[in-house]
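The figures here come from the full heavy-atom set of this structure, side chains too, leaving out hydrogens, waters and symmetry mates. All residue numbers in this chain count up from 1 along the given sequence. Counting convention: from 1, in listed order, for ligands and their atoms alike.
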Amino acid sequence: MLEAVRRAVDAFARLPGVGRRSAERIAYRLARDPSGRLAREVVDAVEGLCAGTALCPLCGRVTESGRDACRLCADPDRDPALLCVVEQPEDIERIEETGAFRGRYHALMGKLSPARGEGVRQLRLRRLVERVQAEPVREILLALNADVESDATCAFLRDMLAPGGVRVTRLAHGIPAGSGVSYADPVTLSRAVRSRQDV
Ligand SMILES: [Zn+2]
């Protein structure tokens, strides 16, 4: 394999959901286009994405760069007493699509995962505690995935948050095990939000 191809494959394979085989297919697809048009479109899109977006400093949602808060955090019609904690920014979009939740969000940027070296310090936990203290939060809905690491993260968050007198709930069962919020269909997710349970 040419050094330039290998470098591209290494980079693509770091993206979520892209294995080495898929990374190779992408690299060769781009390399075989003599006009380079597809490659330029991809590069332009990635540059636009990086330059035009930022994470909302409050909830962690991907938003337009240069904003103090995303549209959801700035919306006065959202219920400030309800806070939904998710693992990844894109999970916010999935739950918004259901229309079943009218509170605010907080993305952790991961979950407790010793295998991947994600611990308490890697997650946006301090910011979460600050928000719970500063905002009139009465219920925290843990909308995490359905796997062992997410379960451990849920237990950790419950122990951290519940002593403060806030009600801690969790999505009802029904999210497919191992797949998570990002892949759950809207009907299942909506049902899981509406019939959430105390933890
Ligand atoms: Zn926000």
Side-chain angles (χ1 to χ4, degrees), residues 15-17 45-113 116 118-146 149-150 153-154 156-158 160-162 164-172 175 179-194 196 199:
L15 299 172
V46 171
E47 281 178 355
L49 179 69
C50 295
T53 61
L55 295 180
C56 170
L58 280 174
C59 70
R61 185 184 188 217
V62 175
T63 187
E64 301 95 332
S65 54
R67 291 178 68 100
D68 291 335
C70 73
R71 287 178 208 283
L72 291 177
C73 287
D75 182 352
D77 292 334
R78 310 284 304 198
D79 185 355
L82 270 174
L83 188 66
C84 177
V85 175
V86 296
E87 290 178 18
Q88 302 294 345
E90 59 267 33
D91 297 341
I92 296 174
E93 313 306 323
R94 294 292 85 74
I95 294 175
E96 272 302 288
E97 282 164 13
T98 69
F101 185 77
R102 291 297 300 161
R104 298 205 165 114
Y105 293 93
H106 190 91
L108 292 174
M109 305 300 168
K111 57 186 160 186
L112 296 176
S113 172
R116 281 196 305 277
E118 281 177 6
V120 169
R121 286 162 67 174
Q122 275 72 41
L123 305 181
R124 293 177 72 239
L125 291 174
R126 186 192 299 233
R127 194 80 190 89
L128 176 60
V129 172
E130 287 169 359
R131 291 188 67 187
V132 173
Q133 288 167 348
E135 298 171 25
V137 178
R138 286 200 313 274
E139 179 188 340
I140 295 177
L141 166 60
L142 303 177
L144 307 189
N145 294 331
E149 291 173 343
S150 298
T153 310
C154 266
F156 177 85
L157 290 173
R158 178 201 58 210
M160 186 179 88
L161 298 165
V166 64
R167 183 184 172 203
V168 183
T169 56
R170 195 179 174 174
L171 290 181
I175 301 299
S179 63
V181 172
S182 299
Y183 296 100
D185 68 274
V187 176
T188 304
L189 194 50
S190 170
R191 206 177 291 142
V193 170
R194 287 182 212 279
R196 55 190 184 264
V199 293

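- A distance of 4.5 Å separates CG in Leu128 from NE2 in His106, rounded to the nearest 0.5 Å.
- More than 12 heavy atoms of other shown residues, nucleotides or ligands fall within 6.0 angstrom of atom CZ in Arg124.
- Rounding to the nearest 0.5 angstrom, the gap separating the CG atom in Leu157 from the CD1 atom in Ile140 is 8.0 Å.
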Give the intermediate values and the outcome of side chain to side chain contact (heavy atoms under 4.5 Å, CB included) for residues Glu139 and Thr169.
-> CA-CA 7 Å; Glu139 179 188 340; Thr169 56; 2.7 Å; yes
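- Under the side chain to side chain contact (heavy atoms under 4.5 Å, CB included) criterion, Gln88 pairs with Glu90, Asp91, not counting sequence neighbours.
- Of the charged side-chain nitrogens involved, at least one lies within less than 4.0 Å of a carboxylate oxygen, so that Glu96 and Arg78 count as a salt-bridged pair.
- Within a radius of less than 2.8 Å around the Zn ion (ligand 1), the protein N, O or S atoms are Cys56 SG, Cys59 SG, Cys70 SG, Cys73 SG.
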